[in-house]
Amino acid sequence: MGELLDRLLSLTGVLEDWILQIGEAWWVHLVVYAFAALDGFFPTVPSESTIVSLSSLWSSSGRPSIILIGLAAWAGAFTGDNLGYLLGNKIGWERFRFLRGGKGRRAVEAAENGLRKRALVFLMTARYIPFGRTAVNLVAGAVHYPHRLFWPRSLLSTFVWAVYSCAIGAVAGAWFENNHLLAITVALVAAIVMALVVERIIAAVHRWLDRRAERRDAERRDAEADAEAGSAVETGTGVGTGSAVGTGSAVGTGSAVGAGSAVGAGPGADAEADAATTVHGEDSPA
């Protein structure tokens, strides 16, 4: 842990010196645009750190223009998202080694699940998760998520991200207006802490949404099972009733036949009785 902290502080010191050197250059906004674009498919580029540091420098010294920083960050992030989508669509995400294991692989799985269940929410929040922005751009292209839905959501999410990054730097830099280097340091630390907090919050929100979706799926399956069971019972009852009616008809037919036989037998018996009476009458002596 101590070694990691020393490395972060060392990198922060290098970034601070570099930011102070390029802060007044006319091409600093091009650097912001390029870093934000590359971060769309190459997550090790320090785009957010650069934006936060320059915004802090603006807050403490008035240069460079924070509006131009924000616009460059927005345009670059939107460009990077769409380049990542194009790469995923053409070559897939498997070609990128950092996405085949560890946090990268978990980010890919989260992106696939998020795009399937709630694409809008995931596209808005993925860039605040480690490797999330890169993963969701590449995966969206790889699974052929409709670009007509992808680009407007990317446009909105990159705007929110650019404003968020500039705001962190500006607020932190305002606390140390007389010390540019300290303002940049505080802004970077604040950005790291905020990133960790936001990541935890977003992860918790996604877990809650997953549990709610699972409950709804379970309720829907139970309702469908109950409906199928009720339909089966009604069908069975209808079939039994039809059989009973058919049997009754058969019985009635039998009764009719029996009655017919009885009717036929009656007249025949009377005729035979009359004939017998006549014969006996003729044979009797006078």
Side-chain angles (χ1 to χ4, degrees), residues 1-40 42-78 80-81 124-134 156-205:
M1 185 65 181
E3 183 179 353
L4 177 61
L5 183 59
D6 291 339
R7 182 176 298 179
L8 288 175
L9 291 175
S10 176
L11 292 175
T12 300
V14 173
L15 183 61
E16 291 168 354
D17 295 337
W18 182 67
I19 290 297
L20 290 174
Q21 292 175 8
I22 71 169
E24 295 183 3
W26 64 268
W27 42 265
V28 67
H29 306 100
L30 297 178
V31 172
V32 172
Y33 174 85
F35 278 15
L38 290 172
D39 194 25
F42 196 69
T44 58
V45 177
S47 60
E48 186 171 349
S49 301
T50 302
I51 297 167
V52 170
S53 300
L54 289 171
S55 300
S56 174
L57 184 60
W58 168 83
S59 185
S60 60
S61 66
R63 66 182 194 280
S65 171
I66 193 172
I67 295 178
L68 294 180
I69 292 172
L71 290 174
W74 183 18
F78 180 69
D81 282 6
M124 289 293 296
T125 58
R127 64 187 59 252
Y128 304 100
I129 303 173
F131 296 97
R133 177 188 176 190
T134 304
L156 178 60
S157 63
T158 51
F159 173 77
V160 174
W161 173 79
V163 172
Y164 162 81
S165 301
C166 290
I168 291 177
V171 172
W175 296 342
F176 303 96
E177 296 181 2
N178 299 323
N179 192 326
H180 304 330
L181 189 61
L182 183 59
I184 294 174
T185 302
V186 172
L188 288 173
V189 173
I192 293 172
V193 173
M194 286 293 295
L196 293 174
V197 173
V198 171
E199 177 192 349
R200 297 292 188 276
I201 293 174
I202 290 174
V205 169

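Just so it is clear, the model here is predicted, and its values are computed rather than measured.
The side chain to side chain contact (heavy atoms under 4.5 Å, CB included) test with Ile69 singles out one residue from Leu57, Val52, Leu54, and that residue is Leu54.
Contact record, Arg133 with Asp81: NE-OD1, 2.9 Å, taken as the closest heavy-atom pair. Across all their heavy atoms, Ile51 and Ala73 have their closest contact at CD1-CB, 3.4 Å. What you find for Trp58 and Ala170 is that their closest heavy atoms are CZ3-CB, 4.1 Å. Here the closest non-hydrogen pair linking Ala162 and Gly70 is CB-O, 3.8 Å.
Rounding to the nearest 0.5 angstrom, the gap separating the OH atom in Tyr33 from the CZ atom in Phe78 is 10.0 Å. One distance of note links CG of Asp39 with OG1 of Thr50; it measures 9.5 Å at 0.5 Å rounding. Between the CD1 atom in Ile168 and the OG atom in Ser59 there is a gap of 13.0 Å [rounded to 0.5 Å].
For the pair Ser165 (side chain) and Trp161 (backbone), a donor-acceptor distance under 3.5 Å is present.
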Can Ile22 and Trp27 be said to form a side chain to side chain contact (heavy atoms under 4.5 Å, CB included), step by step?
CA-CA 8 Å; Ile22 71 169; Trp27 42 265; 3.7 Å; yes
